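These numbers come from a predicted model, not from an experiment. Just so it is clear, the values below take in all heavy atoms, side chains as well, and ignore hydrogens, waters and symmetry mates.
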Amino acid sequence: MALMITGLIVFFTAHVFAGFRAQRAALIARTGEGVYKGLFALVSLVGLVMIAMGKAAAPFESLWIPPAGFAVITKLFMLPALVLVVASNVPCSIRARVKHPLLLGVKIWALVHLMANGDLASVVLFGSFLLYAVVTIVRLNRREVGEEAPAAEYPLWRDIMVVVGGGLAYALIGLYHAQLFGVAIH
């Protein structure tokens, strides 16, 4: 589990640093935006690989036995979570109307996986992502007080594209969950 925790530290350190506007701007000024984005992506990817490898290697230490229904709830909520993640990357009405769609998608993902997994490694993994998303949304909402702009309007086809993209991601993750994450979904 040490590898997973190290990966979480690496991943979240990069993401927390990105929230410090002045320091991030100074680093971008020194390195250039392309180099900064490349380093951010590389550090994030290294952290994610460490998290995945560490979670796969972590011993199963049961804390509780989740009710069987939680697995179904997880499957139901993953579709909107993935639609929100896709919407965070595509200019569309969903993105314009939902505050922080990526973080909301991560919150949903983490919460439903936390409910459906009662082992220590899962609690550390999903609990840390849930905590990060909640704290970041609160921080962003405090920073954005008074910055509310009217929601932009986009053509309906963009939202349809986002829902189809989220559905495609949902289907692919469902089909390859065991190969990607070492855990079969039932």
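- Here the CG-NZ distance, from Asp119 to Lys55, works out to 4.5 Å after rounding to the nearest 0.5 Å.
- Apart from Leu27 itself, the hydrophobic cluster it occupies contains Phe17, Ile28, Tyr36, Phe40, where clustering links Ile, Leu, Val, Met, Phe, Trp and Tyr at side-chain heavy-atom distances under 4.5 Å.
- With a 6.0 Å radius and a threshold of 12 heavy atoms from other residues, nucleotides or ligands, Phe60 has its CZ atom above the threshold.
- Closest non-hydrogen pair, Tyr154 versus Ala96, comes out as CE1-CB, 4.1 Å.
- Scanning both residues, Leu140 and Arg143, for their nearest heavy atoms gives CD2-NH2, 3.0 Å.
- When every heavy atom of Val162 is checked against every heavy atom of Ile94, the shortest pair comes out as CG1-CD1, 4.1 Å.
- Environment of CD in Glu33: sparse, with no more than 12 heavy atoms of neighbouring residues, nucleotides or ligands closer than 6.0 Å.
- Panel note: side chain Asp159, backbone Ser93; a donor-acceptor pair is recorded below 3.5 Å.
- Minimum interatomic distance between Ser122 and Leu114 (heavy atoms only, all atoms of both residues): O-CD1, 4.1 Å.
- Remark: of the listed residues Ile108, Leu79, Val106, Ile108 is the sole one forming a side-chain contact (heavy atoms from CB on, under 4.5 Å) with Leu84.
- With values rounded to the nearest 0.5 angstrom, Phe129 atom CZ is found 12.0 Å from His113 atom NE2.
- Side-chain contact between Tyr132 and Leu8 is absent, with no heavy atoms from C-beta onward closer than 4.5 Å.
- With rounding to the nearest 0.5 angstrom, the CG atom of Asn141 is 4.0 Å from the NE2 atom of His100.
- Taken from CG in Leu120 to CG in Leu125, the straight-line distance is 11.0 Å, to the nearest 0.5 Å.
- Counting heavy atoms of neighbouring residues, nucleotides and ligands inside a 6.0 Å radius, atom CG of Leu76 exceeds 12 of them.
- Considering CD1 of Ile51 and OG of Ser44, their distance stands at 9.5 Å, rounded to 0.5 Å.
- Under the 3.5 Å distance criterion, the side-chain polar atoms of Ser88 are matched with a main-chain donor or acceptor of Val85.
- The main-chain N or O of Val90 is never found under 3.5 Å from a side-chain atom of Arg158 such that the two would form a donor-acceptor pair.
- Partners of Leu3 according to the side-chain contact (heavy atoms from CB on, under 4.5 Å) rule, which considers only residues two or more places apart in sequence or in another chain, are Met50, Met53.
- Annotation for Lys107 and Ala133: closest pair CG-CB, 3.3 Å, computed over non-hydrogen atoms.
- Put simply, CG on Leu168 and CG on Leu82 are 10.5 Å apart, with the number rounded to the nearest 0.5 Å.
- Between Ala58 and Ala121, the shortest heavy-atom distance links the atoms CB-CB, 3.7 Å.
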